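Below you'll find the structure, written out as structure tokens, and then a few comments.
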Amino acid sequence: MLCYLNGQFVPRESASIPIEDRGFIFGDGVYEVWRVVNGRLFETERHLDRLAYGLRELRIESPDIAKIDVLAGVADRLLADNGLLDCESTLYLEVTRGVAPRTHQFPATPPKPTVFVMTNKFVPPDDVRARGAAAITATDIRWLRCDIKTIQLLPNVFAKQAAAERGAMEAIMIRDGFVTEGSHANVLGVIDGEIRTHPLNNLILPGITRAVVIDIARSLGIPVREDALTKDELSRLDECFLAGTTADVMPIVRIDERPVANGQPGPITTKLYREFRAYMDAACGAAHAGTPI
Ligand code: PDD
């Protein structure tokens, strides 16, 4: 399996970074995960816009990989060489501030950012989707800049681990009585025919899937209100679902061991998943940017 590190295509097992990389030492970096269908990246530009936002907030100079044609070239080569043109996969891109002696403040002379890209085969969890997934609730112990997709993910790791230990797929995080999001997906609920989800601010990641799903819902005439659900409202949801690059639209049918409504995937969730999947397939079938390098 090839990966891409700082301008080179190298076998994964021989890729290495210096121990003073600020990503390794401080978690000083950002990342993106793209869904890839038949070798084509989904929502390339929206992810690149979010990457650019994160780099600006961290004051890391934008590397070439943040340009659409450079990314497309790297992606095409990795996906082709790794045999991922006829299946589903993910593309992971990480940019750190680079290598410098360990001092907390930014190095006086900015180092060259470290750029890493890998691809992985991905099989969507459609069997779980058909019956619906379980979630737990967990206190949101993250910092106050959850809008930046940084590589510092320990609270998310803790939350997902707690879910895994209780046989659940996701942890729904609660801050001050309000539902923020999941450990690696956004959370949406349906009450009386209306979709509710946390508004975009510093407390959640502006998910690309969330944005696509909200557009689809509105185009179908389903009302969406970006107003956070309270923890108490979780117990009277008609439907609940996740939206994320690896979740797509995933029904949540149990929360903390209690069924959501009748414990089956609901009609709005099912409709949104079908429309989302069709949109993603069409988008990936049509848009093939870049040429292999
Ligand atoms: N996670 N919220 C959090 C905290 C996330 O980490 C993610 C994505 C999302 C959904 O965003 P998007 O629809 O753009 O994937 C929401 C990625 C997939 C991950 O960490 O693997």
Side-chain angles (χ1 to χ4, degrees), residues 1-52 54-55 58 60-100 111-125 149-153 156-157 160 184 208-209 244-248 280-281 283-293:
M1 289 288 266
L2 275 192
C3 66
Y4 174 90
L5 182 62
N6 296 327
Q8 309 287 321
F9 291 93
V10 284
R12 257 196 212 209
E13 56 282 6
S14 54
S16 64
I17 56 157
I19 53 170
E20 287 183 307
D21 192 283
R22 287 181 60 100
F24 178 58
I25 299 285
F26 292 117
D28 188 357
V30 287
Y31 77 108
E32 282 295 329
V33 185
W34 274 265
R35 183 62 168 277
V36 187
V37 179
N38 294 337
R40 288 156 193 200
L41 270 60
F42 180 53
E43 295 291 349
T44 312
E45 291 180 38
R46 272 168 141 155
H47 282 276
L48 281 177
D49 287 349
R50 187 170 66 189
L51 176 72
L55 290 169
L58 267 58
I60 294 176
E61 197 197 327
S62 185
D64 280 351
I65 197 81
K67 294 181 190 145
I68 194 162
D69 52 332
V70 177
L71 174 69
V74 170
D76 281 354
R77 165 89 189 263
L78 287 180
L79 293 163
D81 280 27
N82 293 331
L84 298 171
L85 295 179
D86 300 317
C87 60
E88 302 209 33
S89 54
T90 57
L91 183 139
Y92 176 90
L93 163 64
E94 178 171 326
V95 180
T96 79
R97 195 179 304 280
V99 180
K112 207 168 151 40
T114 298
V115 174
F116 170 62
V117 185
M118 66 176 167
T119 54
N120 286 296
K121 190 168 161 56
F122 177 70
V123 179
K149 199 164 172 59
T150 80
I151 58 176
Q152 311 186 105
L153 290 173
N156 308 58
V157 168
K160 175 74 187 200
H184 62 306
I208 309 301
T209 318
T245 290
T246 48
D248 295 331
M280 182 164 70
D281 287 340
C284 291
H288 191 44
T291 45
I293 53 172

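Just so it is clear, the model here is predicted, and its values are computed rather than measured.
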So how far is it from [X] [atom1] to [Y] [atom2], rounded to the nearest 0.5 Å?
X    : Y    : atom1 : atom2 : result
E32  : L93  : CD    : CG    : 7.5 Å
E43  : C284 : CD    : SG    : 8.5 Å
L5   : M118 : CG    : CE    : 12.0 Å
L79  : D86  : CG    : CG    : 11.0 Å
N120 : L84  : CG    : CG    : 8.0 Å
L51  : Y31  : CG    : OH    : 12.0 Å

For F26, does the CZ atom sit with more than 12 other heavy atoms under 6.0 Å from it, leaving out its own atoms? yes
Please check if the number of heavy atoms outside E20 that lie under 6.0 Å from its CD is greater than 12.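 Enclosed: over 12 neighbouring heavy atoms sit under 6.0 Å from CD of E20.
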Of the options [options], which is the one that meets [X] in a side chain to side chain contact (heavy atoms under 4.5 Å, CB included)?
X    : options             : value
T119 : L78, V74, L2        : L78
S62  : V95, L48, L55       : L55
H47  : V33, T245, L71, L91 : T245

Heavy-atom check, side chain of [X] versus side chain of [Y], under 4.5 Å:
X    : Y   : result
T114 : N6  : yes
V117 : C3  : no
F116 : I17 : no

E88: salt bridge (charged side-chain N to carboxylate O under 4.0 Å, His left out) partners, not counting sequence neighbours: R35, R277
Applying salt bridge (charged side-chain N to carboxylate O under 4.0 Å, His left out), can you list everything that pairs with K67, at least two apart in sequence or on another chain? D64
Is R77 positioned over the aromatic face of Y4, cation under 6.0 angstrom from the ring centre and no more than 45 degrees off axis?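 Judged by the rule, R77 and Y4 form no cation-pi pair.
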Please find the pair of heavy atoms, one from [X] and one from [Y], that lie closest to each other, and give the distance.
X   : Y    : result
A75 : L41  : CB-CD1, 3.9 Å
P18 : V99  : CG-CG2, 3.7 Å
V10 : A15  : CG2-CB, 3.9 Å
V37 : D281 : CG1-OD1, 4.0 Å
G39 : D76  : O-OD1, 4.4 Å

Using modelled atom types only, decide if a donor and an acceptor are shared between the side chain of R97 and the backbone of L58 within a distance under 3.5 Å.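 Side chain of R97 to backbone of L58, a donor-acceptor pair under 3.5 Å: yes, one is there.
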